[in-house]
Amino acid sequence: MAHRTGVRAPSRLAAAFFDRDAALVAPDLLGALISTGTGEQRATARIVEVEAYRGADDPGSHAFRGRTPRNAAMFGPPGTLYVYFVYGMHFCANVVCGPAGTPHAVLLRAAEPRSGVDVMRTRRRSARRDHDLLRGPGNLAAALGIDRDLDGARPGRRWSIGDDGSPAPEVRVTTRIGLAAGRGDDLELRFVVVGSPAVSRSRAG
DNA sequence: CGGCCGATCCACT
DNA sequence: GTGGATCGGCCGA
């Protein structure tokens with residue numbers, strides 16, 4: 001008999017879940033659980049902020065100018081992880097959406113820690129409170145130990161996203177963060193869970 | 001709370 | 001050579 005953990009065992013999301021336009025997958029990912037690592041390194045968090053990047057026609061997407069070595073993972077099958085390095089020090093994690101060859105992706109921007117808080121703290125020394133651990137895409141990747149090793153990884157032992165059966169959270173939609181003018185910065189493709197402490201107040205919408 | 005700035009690497013032009 | 005799907009510290013209000 002399994003002992004109580006306070007966290008319902010997450011069921012892995014089916015590949016079909018991701019085989020859609022990123023703008024449709026993104027809001028459905030809110031409230032889902034992402035897990036990384038095994039054993040002592042295991043960590044799980046509830047996704048509360050995401051952005052949709054809609055492939056070759058989206059000027060804000062890394063795939064806008066076609067396939068390159070860096071964005072190759074975006075062209076993989078739905079559910080593939082796309083990890084990139086920015087500003088000389090941060091990694092950001094995306095889940096690839098749509099059929100293979102259509103480079104849609106959902107950027108994971110913030111999450112609430114559910115288990116493995118100790119490992120996350122060792123990876124995020126500067127985080128003051130628990131809800132700061134995975135606030136922001138660079139911090140989320142750092143807390144979960146996501147780096148270039150996981151670029152292109154399929155869901156499995158090293159990482160996975162699942163549903164815990166909770167009711168769908170209330171969602172708010174805003175424009176995307178950090179894009180230069182003219183790069184689709186006016187599109188409402190950012191989705192946040194209303195009231196989550198892991199979404200900063202000024203950016204709650 | 002909001003704005004500004006430096007840090008630090010690398011993919012692409 | 002340039003600038004980025006960022007972060008955290010520091011400043012002034």
Side-chain angles (χ1 to χ4, degrees), chain A residues 18 21-27 29-30 34 45 47-76 80-98 102-113 120-152 161 172-193 195-205:
Chain A
F18 300 102
D21 189 304
L24 299 178
V25 175
L29 268 182
L30 294 178
I34 180 168
I47 298 167
V48 297
E49 177 183 351
V50 295
E51 282 176 358
Y53 287 85
R54 304 186 62 211
D57 298 326
D58 179 350
S61 170
H62 289 168
F64 184 59
R65 304 201 182 278
R67 184 173 178 151
T68 67
R70 176 173 74 152
N71 66 23
M74 297 184 88
F75 293 79
T80 300
L81 201 63
Y82 165 49
V83 181
Y84 67 91
F85 184 66
V86 272
Y87 297 113
M89 58 195 87
H90 303 295
F91 292 98
C92 295
N94 303 249
V95 184
V96 173
C97 300
T102 62
H104 281 226
V106 174
L107 171 68
L108 306 179
R109 288 196 61 94
E112 299 167 358
M120 297 197 234
R121 283 212 160 279
T122 65
R123 295 167 174 153
R124 292 267 301 114
R125 293 284 306 287
S126 67
R128 301 182 96 292
R129 291 169 296 184
D130 282 359
H131 65 252
D132 295 322
L133 285 168
L134 306 97
R135 167 182 282 170
N139 292 335
L140 182 151
L144 292 174
I146 294 174
D147 61 16
R148 57 180 104 248
D149 285 353
L150 281 177
D151 183 36
I161 287 186
R172 187 162 295 155
V173 187
T174 78
T175 55
R176 295 179 292 187
I177 307 285
L179 290 184
R183 296 285 198 109
D185 59 307
D186 54 336
L187 303 176
E188 306 244 305
L189 291 173
R190 174 172 171 265
F191 305 86
V192 302
V193 171
S196 171
V199 177
S200 63
R201 254 215 156 83
S202 60
R203 290 186 160 177

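Not measured: the values here are computed from a predicted model.
- In DNA chain C, runs of at least 3 consecutive Watson-Crick or G-U pairs, each pair with both distances below 3.5 Å, span B:1-7 with C:6-12, B:9-12 with C:1-4.
- Residue A/R124 is classed as a sugar-phosphate contact, given heavy-atom separations below 4.0 Å to backbone atoms only.
- Nearest-nucleotide mapping onto DNA chain C: of A/A93 and A/A127, the residue sitting toward the 5' end is A/A93.
- Across all non-hydrogen atoms, the minimal contact from A/R183 to A/R176 is O-NH2, 3.8 Å.
- No engagement by A/R176 is indicated, since no non-hydrogen atom pair under 4.0 Å with the nucleic acid exists.
- Residue contacts for A/R183: at a heavy-atom cut-off of 4.0 Å it reaches no nucleic acid atom on any strand shown.
- Among the atoms of the strands shown, only primed sugar atoms or phosphate atoms (P, OP1, OP2) are found under 4.0 Å from some heavy atom of A/N139.
- The nucleotide range of DNA chain C contacted by chain A, defined by atoms under 4.0 angstrom from heavy atoms of the protein and reported 5' to 3', is C/dG4 to C/dG8.
- Nearest-nucleotide positions on DNA chain C place A/I177 closer to the 5' end than the other of A/I177 and A/D132.
- Although no hydrogens or angles enter the test, the distance criterion places no donor-acceptor pair under 3.5 Å between the side chain of A/D58 and the main chain of A/F64.
- Atom CG in A/L81 sits 7.5 Å away from atom CG in A/N94 (nearest 0.5 Å).
- Of all the heavy atoms in A/A143 and A/R123, the pair that sits closest is O-NH1, 2.9 Å.
- Listed for the A/R135 side chain is a donor-acceptor partner under 3.5 Å among the backbone atoms of A/P197.
- Sequence order on DNA chain B of the closest nucleotides to A/H90 and A/R148 puts A/H90 first from the 5' end.
- Among the atoms of the strands shown, only primed sugar atoms or phosphate atoms (P, OP1, OP2) are found under 4.0 Å from some heavy atom of A/G136.
- Side-chain contact check for A/S196 and A/E112: at least one donor-acceptor pair (N or O, by modelled atom type) lies under 3.5 Å.
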